[in-house]
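Here is the structure we will look at.
Bear in mind the structure is a predicted one, so any value in this text is a computation, not a measurement. Residues take their numbers from the sequence shown, with the count starting at 1.
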Amino acid sequence: MPLHQGSNHGREQSTERRRLALNPFFGEADPTAGMTSAPPRHQLPDGPLPPSTAYGLVHDELMLDGNSRLNLATFVTTWMEPEAGVLMDECRDKNMIDKDEYPRTAELERRCVAMLADLWNAPDPSTAVGCSTTGSSEACMLAGLALKRRWAARNADRYPATARPNLVMGINVQVCWDKFCNFWEVEARQVPMEGGRFHLDPQAAAELCDENTIGVVGILGSTFDGSYEPIADLCAALDALQERTGLDIPVHVDGASGAMVAPFLDEELVWDFRLPRVSSINTSGHKYGLVYPGVGWALWRSPAELPEDLVFRVNYLGGDMPTFALNFSRPGAQVAAQYYTFLRLGRKGYRAVQQASRDVASTLAAQFEKLGDFHLLTRGDELPVFALTTAPDVRAYDVFDVSRRLREHGWLVPAYTFPANRQDLSVLRVVCRNGFSSDLAELLMEDLRLLLPDLRSQRHPLSHDRNVPTAFHH
């Protein structure tokens with residue numbers, strides 16, 4: 001979660017501005033009472049408010065948020081069927097951790113794990129182990145912990161006295177991997193971008209490995225441009241490394257988005273448990289798993305990949321329950337919604353939904369290219385995501401100008417710079433999710449065409465601080 005400051009929020013505010021304003025009609029008994037008794041904003045009110053009043057205050061302030069359906073920055077699901085919403089409402093009060101009190105919710109979680117193990121071609125889906133999480137970030141943390149603990153057990157004579165573990169990954173990884181390395185004292189070894197390669201290079205990753213490497217992370221769907229990393233080539237490079245040096249380095253696949261796209265649209269692509277070196281996989285149920293936030297999933301090939309000493313067993317909730325999570329209490333609503341979606345769509349349904357998103361992305365990317373002002377880095381033919389920059393001959397404006405002007409029309413399209421060694425490259429990224437239809441895509445293009453004459457007439461780009469780009473949401 002983001003960090004927040006206190007009431008000043010970086011600037012002085014008058015006493016009156018610190019209070020919320022009430023519409024007089026919100027006062028149930030006395031319509032004028034709210035005009036003089038508005039609650040404070042940064043401390044608890046002295047007394048309660050009527051429910052309709054509290055609702056009106058919060059509802060009206062939230063109207064200033066962006067429209068989530070027009071948010072082309074986020075990978076997170078912004079639309080579900082009404083029936084899914086009803087089901088989630090019915091499960092909000094069920095604590096996911098209380099498996100003895102809510103055995104059917106726990107059973108739905110178990111079935112989801114089994115379905116994912118089968119989808120990802122575990123050697124024996126009945127023995128694969130996994131759990132739900134609050135999202136991919138927690139799932140990545142758990143997978144990283146399992147890698148570190150397995151490495152520590154193999155190097156008990158050297159760790160922690162003389163050996164410092166490291167994790168190899170591309171510099172394009174989601175920020176949760178930087179957090180993992182920071183929080184759990186693991187050295188992050190990152191393969192930089194070079195030229196037209198915007199993700200991990202398998203051979204470069206293998207060259208960064210040594211006896212202290214706990215694993216290598218491969219990304220099935222880079223958040224920077226939507227491209228798949230070559231997981232099979234990465235495993236082959238590590239196979240060759242083991243033949244030369246004896247080092248046996250496991251691979252974790254961060255499939256936050258792609259693990260729920262590739263099984264349906266790229267069945268010939270080998271990236272999952274079919275590769276013996278892949279020890280664990282995570283995905284975001286709340287991304288292309290098509291469930292509202294937040295739910296993620298972490299799976300291990302077999303119990304051997306998940307050290308038993310990481311699994312806690314508690315009995316004070318009414319039964320002996322194994323648990324492996326950073327979080328404890330959380331609602332069962334998202335797990336129920338995930339199971340609902342699996343039942344609702346099945347393989348054919350997921351294939352249809354993901355193909356529709358990819359078709360929108362590919363068509364929209366081609367329309368951007370046809371304008372002549374933009375150069376495509378990716379085309380939406382892997383993840384339904386594409387990245388683009390301005391064409392070399394465009395001097396009047398840049399991607400930050402485009403992002404800012406589209407926001408005036410309600411569209412949230414992020415502009416950002418790439419990391420090392422391509423900090424010179426600034427791009428726009430468009431994420432096409434279920435609910436972003438071809439009609440909405442055409443509306444986006446109509447607005448862009450209206451803006452282009454003004455952008456082209458500028459004397460120079462208006463962006464003044466490239467270190468403060470528009471938000472980059474994973």
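Atom SG of C140 is separated from atom CG of D254 by 4.0 Å, given to the nearest 0.5 angstrom. Atom CD in Q203 sits 9.0 Å away from atom CG in L238 (nearest 0.5 Å). With values rounded to the nearest 0.5 angstrom, Y397 atom OH is found 3.0 Å from D373 atom CG. With rounding to the nearest 0.5 Å, the separation of CD in Q338 from CG in L116 is 7.0 Å. Interatomic distance, E138 CD to W297 CH2, rounded to the nearest 0.5 Å: 12.0 Å. Between the CH2 atom of W79 and the CZ atom of R69 there is a distance of 7.5 Å, given to the nearest 0.5 Å.
With contacts defined as side-chain heavy-atom distances shorter than 4.5 Å, the pair L119/Y350 does not qualify. Counting only heavy atoms from C-beta outward, the side chains of V291 and T77 never approach each other to under 4.5 Å. Residues I219 and E229 are in side-chain contact: their nearest non-hydrogen atoms beyond the backbone lie under 4.5 Å apart. Between F180 and L167, the closest side-chain pair of non-hydrogen atoms falls below 4.5 Å. Using a 4.5 Å heavy-atom cutoff, the side chains of Y288 and R433 are in contact. In this structure the side chain of V270 reaches within 4.5 angstrom of the side chain of L275, judged on heavy atoms. Inter-residue side-chain proximity for D210 and R189 is flagged as met; some heavy-atom pair is nearer than 4.5 Å. At a threshold of 4.5 Å between non-hydrogen side-chain atoms, the residues P263 and W120 count as touching.
The backbone N or O of F264 sits nowhere less than 3.5 Å from a side-chain atom of R347 that would complete a donor-acceptor pair. The backbone N or O of L306 sits nowhere less than 3.5 Å from a side-chain atom of R149 that would complete a donor-acceptor pair. Side-chain atoms of Y159 never come within 3.5 Å of backbone atoms of P165 as a donor-acceptor pair (strictly under, hydrogens ignored). Proximity of a side-chain donor or acceptor of S437 to a complementary backbone N or O of L440 within less than 3.5 Å is detected. The backbone N or O of A387 sits less than 3.5 Å from a side-chain atom of T378, completing a donor-acceptor pair. In this structure, R301 contributes its side chain and V278 its backbone to a donor-acceptor pair below 3.5 Å. In this structure, T213 contributes its side chain and N166 its backbone to no donor-acceptor pair below 3.5 Å. Of the possible donor and acceptor atoms, none in the side chain of T74 sits under 3.5 Å from a partner among the backbone N and O of N71. For the pair Q190 (side chain) and I171 (backbone), a donor-acceptor distance under 3.5 Å is absent. Side-chain atoms of N95 come within 3.5 Å of backbone atoms of R330 as a donor-acceptor pair (strictly under, hydrogens ignored).
Residues K287 and S257 approach most closely at CD-OG, 3.7 Å, considering heavy atoms. The two atoms that bring W300 and A146 nearest to each other are NE1-CB, 3.5 Å, heavy atoms only. When all heavy atoms of V191 and R197 are compared, the pair lying nearest together is CG1-NH1, 4.0 Å. For H286 against G135, the heavy-atom pair with the smallest separation is CE1-CA, 3.6 Å. Heavy-atom minimum distance, I231 versus W271: CG2-O, 3.4 Å. For the pair G380 and F386, the tightest heavy-atom approach, listed with the atom from each and the gap, is N-CB, 3.7 Å.
Around the CZ atom of R274, the shell of radius 6.0 Å holds more than 12 heavy atoms that belong to other residues, nucleotides or ligands. For R344, the CZ atom counts as loosely surrounded, since its 6.0 Å shell holds 12 or fewer non-hydrogen atoms of other residues, nucleotides or ligands. The number of heavy atoms from other shown groups lying within 6.0 Å of CG (L44) does not exceed 12.
Not less than 6.0 angstrom separates the ring centroid of F224 from the ring centroid of F198.
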*Apply side-chain contact (heavy atoms from CB on, under 4.5 Å) to F75 and V385, showing your working.*
CA-CA 9 Å; F75 288 75; V385 176; 3.7 Å; yes
*Step by step, would you call T105 with M96 a side-chain contact (heavy atoms from CB on, under 4.5 Å)?*
CA-CA 7 Å; T105 304; M96 193 67 226; 3.7 Å; yes
*Output, in order, the C-alpha distance, side-chain angles, deciding distance and verdict of side-chain contact (heavy atoms from CB on, under 4.5 Å) for V261 and Y228.*
CA-CA 11 Å; V261 173; Y228 294 159; 3.6 Å; yes
_Full working for side-chain contact (heavy atoms from CB on, under 4.5 Å) between D272 and V253_ = CA-CA 8 Å; D272 51 19; V253 178; over 6 Å; no
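In summary, the side chains of S280 and E305 do not present any donor paired with an acceptor at a separation below 3.5 Å, with no hydrogens or angles considered. S362 and D381 are not linked by any side-chain donor-acceptor pair at a separation below 3.5 angstrom, with hydrogens and angles left out of the test. One side chain, N172 or S222, offers a donor N or O that lies under 3.5 Å from an acceptor on the other.
Residues satisfying the side-chain hydrogen bond (donor to acceptor under 3.5 Å, both in side chains) criterion with W411, sequence neighbours excluded, are D447.
Under a 4.0 Å N-O distance rule, the pair E185/K148 does not qualify as a salt bridge.
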